[in-house]
Amino acid sequence: MTLYSTADCAHMGRALQLAARGTYTAHPNPMVGCVLVRDGNVVGEGWHEKAGEAHAEINALQAAGDMASGATAYVTLEPCAHTGKTPPCADALVDAGVSKVIVAMQDPFDRVAGRGVAQLREAGIATEVGLMQAAAESLNEGFVSRITRGRPCVRLKIAASLDGAIAMSSGESQWITGPEARHDVQKLRARSGAVMTGIGTVLADDPSLNVRAPELDTGGVQPLRVVLDSRLRMPGTAGMLTHPGATLVCCTGNQDATALEGAGAEVREFGAHGAVVNVFEVLAVLGEREINDVLVEAGPHLAGYLLEKDLVDELVIYQSPHIMGSNTRGMFSTPNWSTLADRRTLEIKDVRRVGTDTRITASIRN
């Protein structure tokens with residue numbers, strides 16, 4: 001087991017901070033940061049700023065110049081050893097003459113997957129893997145999910161009262177949470193490759209599902225809007241179709257999509273899973289389209305279905321300090337649950353105040 005110094009941890013922590021700067025712009029690529037240290041001094045830093053542009057290692061090497069020779073490179077993800085849209089980073093590190101490379105996690109992508117580390121070692125560069133690995137994996141959980149499971153990470157967002165209501169029985173729900181929480185949701189959208197909802201939400205609320213926070217620099221890219229609509233009831237006048245970005249409507253059977261496609265939507269048929277669109281197939285297609293993270297903003301039926309089918313990787317619940325009473329709609333509709341054995345146990349990952357509301361981030365414990 002490799003023992004790392006306090007300085008090693010500090011430099012890798014800084015590399016992870018740099019990597020996170022690509023939260024809104026790096027996808028579908030992973031977020032990566034790199035710090036170059038020589039004689040105890042940081043001589044170069046870089047992160048992957050945008051897909052198709054230079055990787056973190058290249059930016060750090062350019063910042064360091066000749067000082068990169070003999071330096072130690074701290075990289076949050078294994079340097080690539082193949083030519084994609086950019087040349088291999090492993091070659092660049094070798095050519096720059098770095099003496100050591102410390103990597104947080106191995107790249108799960110099969111064209112890298114250990115090859116970058118092997119190439120560095122073959123060139124005589126001391127290379128270690130595993131420093132702050134859990135943090136690196138958490139940072140890129142969507143990318144890891146897409147590569148290893150063939151589907152994006154699914155993040156379910158819910159806004160609810162303290163007693164678990166998401167709307168009154170009439171459907172009235174604007175606004176349960178405050179402006180700070182609603183702005184925080186914009187950040188969730190901006191980091192996602194797609195935002196998914198059901199046709200019930202579209203018909204009831206006519207949501208836009210776009211990023212509406214100019215200070216979140218996404219490079220002008222909007223997440224793909226995905227609507228699950230088995231009977232193709234989506235109106236061509238839906239508000240989301242008037243906004244920049246693409247909308248994918250997922251239906252079943254032989255449906256006449258002429259009008260909807262004429263309004264700018266992409267319509268695709270999937271198999272049925274009971275009375276609904278086969279979400280497993282939808283997620284697989286989104287994975288093929290290189291979408292790492294899907295944010296679900298939907299009503300209790302779709303939320304309950306995803307939870308029941310164990311398709312929710314993370315829950316983000318904004319809980320407002322209100323009591324809405326019994327004449328309300330709950331967070332989940334799970335008709336097949338009848339005993340305590342059916343319940344899902346959560347692992348709370350983070351709890352914090354967002355304005356007057358409380359944001360709870362949790363994963364499902366298997």
Side-chain angles (χ1 to χ4, degrees), residues 20-28 31 49-51 142 152-161 166-167 171-229 234-250 260 263-266 286 289-299 302-303 314-320 322 350 352-361:
R21 294 185 181 183
T23 296
Y24 305 132
T25 56
H27 52 79
M31 292 172 273
E49 299 177 20
K50 187 177 181 180
C153 174
V154 175
R155 186 170 289 109
L156 175 60
K157 185 276 294 184
I158 297 174
S161 64
I166 65 167
E172 181 186 1
S173 62
Q174 295 182 346
W175 296 99
I176 291 177
T177 55
E180 295 88 352
R182 297 198 297 274
H183 181 267
D184 200 59
V185 173
Q186 296 295 312
K187 298 178 184 178
L188 293 179
R189 290 181 184 176
R191 64 179 286 192
S192 304
V195 180
M196 178 186 291
T197 194
I199 184 60
T201 298
V202 173
L203 296 177
D205 300 334
D206 194 21
S208 299
L209 301 184
N210 60 345
V211 179
R212 300 186 298 274
E215 74 277 10
L216 302 178
D217 185 9
T218 64
V221 177
Q222 288 285 343
L224 173 69
R225 296 178 287 268
V226 181
V227 179
L228 303 183
D229 181 11
M234 174 91 165
T237 56
M240 67 177 70
L241 298 177
T242 66
H243 297 293
T247 299
L248 171 64
V249 181
C250 307
L260 200 51
E266 175 189 354
L286 295 180
R289 293 173 74 148
E290 296 189 319
I291 289 173
N292 296 331
D293 299 271
V294 173
L295 177 65
V296 179
E297 301 187 46
L302 179 54
E314 186 174 85
L315 272 168
V316 182
I317 301 174
Y318 294 90
Q319 200 164 41
S320 182
H322 301 138
D350 183 75
R352 66 182 62 194
R353 292 291 295 274
V354 180
T356 59
D357 304 310
T358 301
R359 187 186 73 196
I360 303 171
T361 304

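For this chain, numbers begin at 1 and follow the sequence in order.
Residues Pro235 and Leu203 are in side-chain contact: their nearest non-hydrogen atoms beyond the backbone lie under 4.5 Å apart. You'll find the side chain of Tyr318 reaches within 4.5 Å of the side chain of Lys157, heavy atoms only. At least one side-chain heavy atom of Val249 sits less than 4.5 Å from a side-chain heavy atom of Leu260. The shortest distance between side-chain heavy atoms of Leu286 and Leu224 falls below 4.5 Å. When side chains are defined from C-beta on, Ile199 counts as touching Met234, because their heavy atoms get closer than 4.5 Å. A heavy-atom distance below 4.5 Å is not found between the side chains of Leu209 and His243.
Under the side chain to side chain contact (heavy atoms under 4.5 Å, CB included) criterion, Lys50 pairs with Glu53, sequence neighbours left out. With sequence neighbours excluded, the residues that form a side chain to side chain contact (heavy atoms under 4.5 Å, CB included) with Glu314 are Glu141, Arg155, Val316, Lys349, Thr361.
Sorted by first and then second residue, the pairs that involve residues 188-216 and meet salt bridge (charged side-chain N to carboxylate O under 4.0 Å, His left out), not counting sequence neighbours, are Arg189-Glu297.
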- Assess whether side chain to side chain donor-acceptor pair (under 3.5 Å) is satisfied between Asp293 and Ser192, documenting all intermediate values. CA-CA 5 Å; Asp293 299 271; Ser192 304; over 6 Å; no

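Applying side chain to side chain contact (heavy atoms under 4.5 Å, CB included) to Gln319 and the options Ile360, Ile176, Val354 leaves one that passes, Ile360.
For the residue pair Cys153 and Gly142, the shortest heavy atom distance occurs at CB-CA, 3.7 Å. In terms of heavy-atom proximity, Arg225 sits nearest to Pro244 at NH1-O, 3.1 Å. In plain terms, the two heavy atoms of Ala213 and His183 that are nearest each other are CB-NE2, 4.0 Å. In terms of heavy-atom proximity, Thr201 sits nearest to Pro207 at O-CD, 3.6 Å. Here the shortest heavy-atom pairing between Asp217 and Thr25 reads O-CG2, 3.3 Å. Residues Thr177 and Ala159 share a closest heavy-atom pair of CG2-CB, 3.8 Å.
Distance check, rounded to the nearest 0.5 Å: CG of Asp357 to CD of Glu180 gives 7.5 Å.
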